[in-house]
Amino acid sequence: MYKVLIIDDEEPLREAINILGDWKGLGVDQVLEATDGNVGLAMLRQHKIDIALVDMKMPELNGSQLLQIAEHEFPDLLLIVISGYNDFEYTRQAIRSKVVDYLLKPVNRNDLNSALRKAVDLLEAKRKKESEFISRNITLNMSIPKLKEKMYLSIIERSFKNQSNEAFLPLIGADTPGHFFAVGIVRLLNLEQVRKGRFHEDRDLMHFAVTNVINENSGGDFEAFSFVSPRAEREFIAIFTMKGGYGQDAAFLSLHHMKKAASTLKELFGIACAGGIGEPYSDCMDIAQSYDTAKASLDAIDLLNLKSGIVAAGAGAKPSVKDSPSLTARMPLIRNILESGNVNHAKSILCEFTGQWQSSGHFSLGAADRTIQEFIILLNDIAKELNAVPERLRGGKDKGLRGLGIAGDFASFEQFEGVLNHILDVYAGEIGRSLAGNRGNVLENIKAYIDNHYFENIKISMFTDKYFLSREYLMKLFKAQYSYGIHEYVQKVRMDKAKDLLFDPALKIQDISEMLGYKDKNYFSKAFRNYYDCSPSEFRLLLPGVEK
């Protein structure tokens, strides 16, 4: 909506303009009146006027003088001149002041509304242009941080292409010689706890708060720019830029800034964190090298002696050679135990390993992360074979701890052990439920196979491979269900069938032996004697109707 001011010393003309103007159709919501030039000037200064209709001939301050003042004080004001004189001086001033239109008295409806429409169209065009300009600037201001983040990540991932991205180098100060760049990585050790307790589950709000703290006090010759690492949700990458100076100064300021940020995060939000700092470089392309150093420094921090706020710095940081032996070799045993449903026994095996790591005197954050990832992969492989993959992981985008619904916070070795045990509990529960549902069908299928294929060379490995069950566990289940071991049941079926066949006098002992899967008649006879305490021939002699 627009505001119009009529400046004229003649009341009848002001009234006529008020009556003739199509104010509603033009979008004008307020029409004000001034009785002379001085009053009009005062009202222009008091109100935000969009369009002013100015009479050129007024006492004290005439229209020509008012136009000159308005040209300097109100450059955005649109002016329509009204005059009863076809005077060149008035016309020249109107042209000089860039008025929208020039109306002669007496003013008629068509000319008035035509002039007003022209002014309103100009206002709408101007507002649209300003709106587009503001929108572009808002978009640009919002996208610049994302663009910087994308550039830094492409450098860190070594996929940055100079030719196609050279125009954006000024965004990160890489076009000016003498700048130093260093990378810091901040890891939140209690991310889930803080996100739930302080940020009401709002991940974006927490990210905003953390990056704000890290970026705080930036400006001048030293600047910090941070963002969430796409490689690890708990980690934030900070790029430190120092304009001029020496590499040693950049290293000192970056380390100081990281320590201060860690302290502030703890004080404001209760965030426990650790960090790693990379070496500063004068070439922005070496940000990748600085990131690698920062990551190695962070990963090498000893979990056994971890203190909140610790920031490790320096080149060549490597995890201790004493870091964890792999769980891989023990997974077959853990699988057999999980199949038997003894979760506590599986946890005791896991505890043996964690005890070894703890007694080694050093266990790094990097080793802890790798162990968690490895443990999930190994258990997931077992779960796939047993058709017991946790439902939350089936076809879901979230893998790892998030997919399992496990909070991965750990700021101590004891909390790390708790995460491993929670992972084991999730998979043990799923495996137990799956086996409980399938166990009956599996055993029935095995029994039916033996009943129909007793004459074949039946090996237990056939069933362990098919149903992904351990030999010991399968034999235990089968015997509990049918009171016979698998080998015993095969023997029973064969011997029962042998008795039936021996009733047919037309069948020779050799034929029966082959029909039962025995290639050697003597071996069959021996097996029969062991089972019935008599040979097949003796058994036949005892049958009724058989000649003695």
Side-chain angles (χ1 to χ4, degrees), residues 149 152-153 155-158 180-191 194 207 210-211 213-216 218 222-242 247-266 271-281 284 286-324 362-373 408-413 415-416:
E149 178 183 331
Y152 283 130
L153 283 174
I155 294 172
I156 289 170
E157 293 167 357
R158 294 175 170 83
F180 282 92
F181 304 89
V183 176
I185 303 176
V186 178
R187 177 189 177 120
L188 308 192
L189 303 172
N190 58 342
L191 178 143
V194 172
H207 290 170
V210 172
T211 54
V213 169
I214 298 174
N215 298 347
E216 195 175 30
S218 290
F222 184 82
E223 180 182 292
F225 177 78
S226 62
F227 49 90
V228 181
S229 171
R231 300 179 179 181
E233 183 193 18
R234 298 174 179 278
E235 294 179 2
F236 288 75
I237 300 171
I239 311 295
F240 301 113
T241 306
M242 193 181 80
Q248 297 93 324
D249 297 332
F252 173 79
L253 288 173
S254 299
L255 181 59
H256 175 74
H257 192 96
M258 280 278 283
K259 288 182 176 179
K260 184 177 180 182
S263 176
T264 304
L265 287 170
K266 181 69 173 178
I271 293 176
C273 62
I277 286 283
E279 291 183 290
Y281 293 91
C284 72
D286 288 328
I287 286 174
Q289 182 63 34
S290 185
Y291 172 86
D292 292 343
T293 307
K295 183 61 175 170
S297 299
L298 175 64
D299 286 349
I301 291 175
D302 186 8
L303 182 60
L304 298 175
N305 298 290
L306 180 59
K307 296 178 181 178
S308 176
I310 187 172
V311 179
K318 295 180 180 179
S320 168
V321 294
K322 296 180 180 179
D323 276 342
S324 62
H362 180 91
F363 189 76
S364 70
L365 273 176
D369 289 336
R370 289 190 296 276
T371 299
I372 288 173
Q373 293 168 6
D409 288 348
F410 62 90
S412 66
F413 189 82
Q415 290 177 355
F416 162 72

Novice: Can you see which heavy atom on Ala261 is nearest to which on Ile214, and at what distance?
Specialist: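 Taking Ala261 first and Ile214 second, the nearest heavy atoms are CB-CA, 4.3 Å.
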Novice: What are the two closest heavy atoms between Gly275 and Ile301, and how far apart are they?
Specialist: O-CD1, 3.6 Å
Novice: Test side chain to side chain contact (heavy atoms under 4.5 Å, CB included) on Lys307 and Asn305 and set out the steps.
Specialist: CA-CA 6 Å; Lys307 296 178 181 178; Asn305 298 290; over 6 Å; no
Novice: What pair of heavy atoms forms the shortest contact from Ser290 to Glu279, and how long is it?
Specialist: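 Looking at all heavy atoms of both residues, the shortest contact is OG-O, 2.7 Å.
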Novice: How many angstroms lie between atom CD of Gln289 and atom OH of Tyr281, to the nearest 0.5 angstrom?
Specialist: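 Here the rounded value is 4.0 Å.
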Novice: Nearest 0.5 angstrom please: Cys273 SG to Phe236 CZ, how far?
Specialist: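 The CZ atom of Phe236 is 10.0 Å from SG of Cys273, to the nearest 0.5 Å.
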Novice: When rounded to the nearest 0.5 angstrom, what distance separates CZ in Phe410 from CD1 in Ile372?
Specialist: 4.5 Å
Novice: Can you see which heavy atom on Pro280 is nearest to which on Ala182, and at what distance?
Specialist: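 Answer, listing the atom of Pro280 first, then Ala182: CA-CB, 3.9 Å.
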Novice: Over all heavy atoms of both residues, which pair between Leu365 and Ala274 is shortest? Give the atoms and the distance, please.
Specialist: CD1-CB, 4.5 Å
Novice: Parallel, tilted or perpendicular, judged at 30° and 60°: which one describes the rings of Phe416 and Phe363?
Specialist: tilted
Novice: If you measure from CD on Glu233 to NE2 on His207, what distance do you get to the nearest 0.5 Å?
Specialist: 5.5 Å
Novice: Let me confirm one number: the CG-CZ distance from Asp286 to Phe180, rounded to the nearest 0.5 Å.
Specialist: 11.0 Å
Novice: Name the orientation class of the two ring planes belonging to Phe225 and Phe227 (parallel below 30°, tilted from 30 to 60°, perpendicular beyond 60°).
Specialist: tilted
Novice: Does the pair Glu216/Lys260 count as a salt bridge with the N-to-O cut at 4.0 Å?
Specialist: no
Novice: In this structure, which one of Ile277, Leu298, Thr293 forms a side chain to side chain contact (heavy atoms under 4.5 Å, CB included) with Ile185?
Specialist: Leu298
Novice: Would you please say whether a donor-acceptor pair under 3.5 Å links the side chains of Asn215 and Ser226?
Specialist: yes
Novice: Under 3.5 Å, is there a donor-acceptor pair between the side chain of Asn190 and the main chain of Ile271?
Specialist: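 Checking the backbone N and O of Ile271 against the side chain of Asn190, no donor-acceptor pair under 3.5 Å is found.
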Novice: To the nearest 0.5 Å, tell me how far Ser364 OG sits from Leu303 CG.
Specialist: 8.5 Å
Novice: Hey, is Asp369 close enough to Arg234 for a salt bridge, meaning N to O under 4.0 Å?
Specialist: no
Novice: Which residue in the set Ile239, Ile237, Leu153 passes side chain to side chain contact (heavy atoms under 4.5 Å, CB included) when paired with Ile287?
Specialist: Ile239
Novice: At their closest point, which heavy atom of Ala411 faces which heavy atom of Leu306, and how far apart are they?
Specialist: O-CD2, 3.6 Å
